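As structure tokens, the structure follows; a few thoughts come after it.
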Amino acid sequence: MNCELFKTFFRMGLFTIGGGYAMIPLIEKEVVDNHKWLSKEELLDLMAIAQSCPGVFAINISIFIGYKLRRVRGAVTTCLATALPSFLIILAIAVFFKQFKEYRVVEAIFKGIRPAVVALIAVPTFNLGRSAKIGWTNCWIPIACALAIWALGVSPIYIIILSGMGGYLYGRIGVRSKEVKE
């Protein structure tokens, strides 16, 4: 299984342009749909944890998935497999980029990739929202958080802490209201 994990995460690392969030559709397709290593709910939980931890999202999520599947060996395997393609690509770019950076074609290619990366991030965001049961009644929460970060410059750390505290309180109140109704 470690070989299959390595191949899967290496392929994801190799073909993902735009960072960890752009990997989400590919991770979901490979881990949930193709290999059925995790359920959609388990992946959503691991993504929430990976986002809450310091570090690069792609590495965090690969480590958590690898650990869930094969403990330490799985975590090391998926981490290396995810990071190795980027390392090799950056190394190749560093060696050859000076020769090509002045060409208009190369500049145009990079400008063309940018909107695609935005789409690669937007699609899984909406899918995650659907999986997290975000509807019309509670869609104000992620919108308010995004606006607070973007427009007001609030640190995402504060948003994570406040969201965790809010979720805890909501869970406590929800449990009490269920007990009262019964």
Side-chain angles (χ1 to χ4, degrees), residues 5 7-66 68 78-79 81-90 93 104-167 170:
L5 275 175
K7 286 192 298 190
T8 301
F9 279 83
F10 185 86
R11 191 172 47 248
M12 284 191 281
L14 186 62
F15 293 109
T16 304
I17 297 173
Y21 297 107
M23 287 179 80
I24 293 172
L26 199 52
I27 292 171
E28 184 177 349
K29 184 177 183 225
E30 288 292 330
V31 173
V32 175
D33 299 336
N34 293 350
H35 295 289
K36 300 192 184 332
W37 288 330
L38 299 174
S39 69
K40 218 171 196 175
E41 291 76 24
E42 288 174 311
L43 179 62
L44 184 62
D45 290 342
L46 290 178
M47 286 192 306
I49 295 167
Q51 176 59 39
S52 301
C53 293
V56 179
F57 176 79
I59 298 298
N60 288 349
I61 191 66
S62 67
I63 289 171
F64 287 133
I65 292 170
K68 175 115 172 114
T78 54
C79 178
T82 302
L84 190 58
S86 297
F87 173 77
L88 296 174
I89 290 168
I90 297 286
I93 289 172
R104 288 183 184 196
V105 173
V106 173
E107 188 178 327
I109 289 170
F110 281 115
K111 283 184 180 177
I113 289 173
R114 289 179 192 147
V117 170
V118 171
L120 287 171
I121 294 170
V123 169
T125 300
F126 290 115
N127 290 338
L128 283 173
R130 209 174 307 135
S131 297
K133 311 264 190 287
I134 294 175
W136 292 110
T137 57
N138 61 354
C139 69
W140 65 270
I141 298 169
I143 292 170
C145 291
L147 286 173
I149 293 168
W150 175 70
L152 303 176
V154 175
S155 171
I157 294 169
Y158 295 134
I159 299 294
I160 292 168
I161 291 169
L162 288 173
S163 298
M165 290 174 18
Y170 179 77

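On a predicted model such as this, the values are computed, not experimentally measured, just so you know.
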- Item | Verdict with supporting geometry, F9 and V31, side-chain contact (heavy atoms from CB on, under 4.5 Å) | CA-CA 9 Å; F9 279 83; V31 173; 4.1 Å; yes

- Query: Taking only residues two or more places apart in sequence, or in another chain, which ones meet R11 in a salt bridge (Lys or Arg N to Asp or Glu O under 4.0 Å)?
  - Reply: E30

- Query: I61 versus M23: any side-chain heavy-atom pair under 4.5 Å?
  - Reply: no

- Task: State the CD-CG distance between E42 and L44, to the nearest 0.5 angstrom.
- Result: 11.0 Å

- Message: Could you check whether any side-chain heavy atom of T125 comes within less than 4.5 Å of a side-chain heavy atom of I24, counting everything from C-beta outward?
- Response: no

- Note on the structure: Between G135 and N138 the two heavy atoms that sit nearest each other are N-OD1, 2.7 Å

- Contact summary for T82 and A58, nearest pair of heavy atoms: CG2-O, 3.9 Å

- Message: In the structure I gave you, are the side-chain heavy atoms of F57 and M47 within less than 4.5 Å of one another anywhere?
- Response: yes

- Separation between CG of L46 and CD1 of I63, rounded to the nearest 0.5 Å: 12.0 Å

- Message: Would you compute the distance between atom NZ of K133 and atom CD of E41 and round it to the nearest 0.5 angstrom?
- Response: 6.0 Å

- Message: Using every non-hydrogen atom in the two residues, find where S86 and G13 come nearest and quote the distance to one decimal.
- Response: OG-O, 4.4 Å

- Atom of C79, atom of I59 and distance for their closest heavy-atom approach: SG-CG2, 3.8 Å

- Could you tell me the separation between the CG atom of N34 and the OG1 atom of T8, rounded to the nearest 0.5 Å? 8.5 Å

- Closest approach of N60 to P54 (non-hydrogen atoms, all atoms of both residues): ND2-O, 3.3 Å

- CD1/I149 to CD1/I157 distance, rounded to the nearest 0.5 angstrom? 10.5 Å

- Atom pair CG/CG of D33 and L38 - distance to nearest 0.5 Å: 11.5 Å

- Item | Distance-minimising heavy-atom pair for F64 and A50 | CE1-CA, 3.6 Å

- Sorted by chain and number, sequence neighbours left out, side-chain hydrogen bond (donor to acceptor under 3.5 Å, both in side chains) with K40 holds for E28

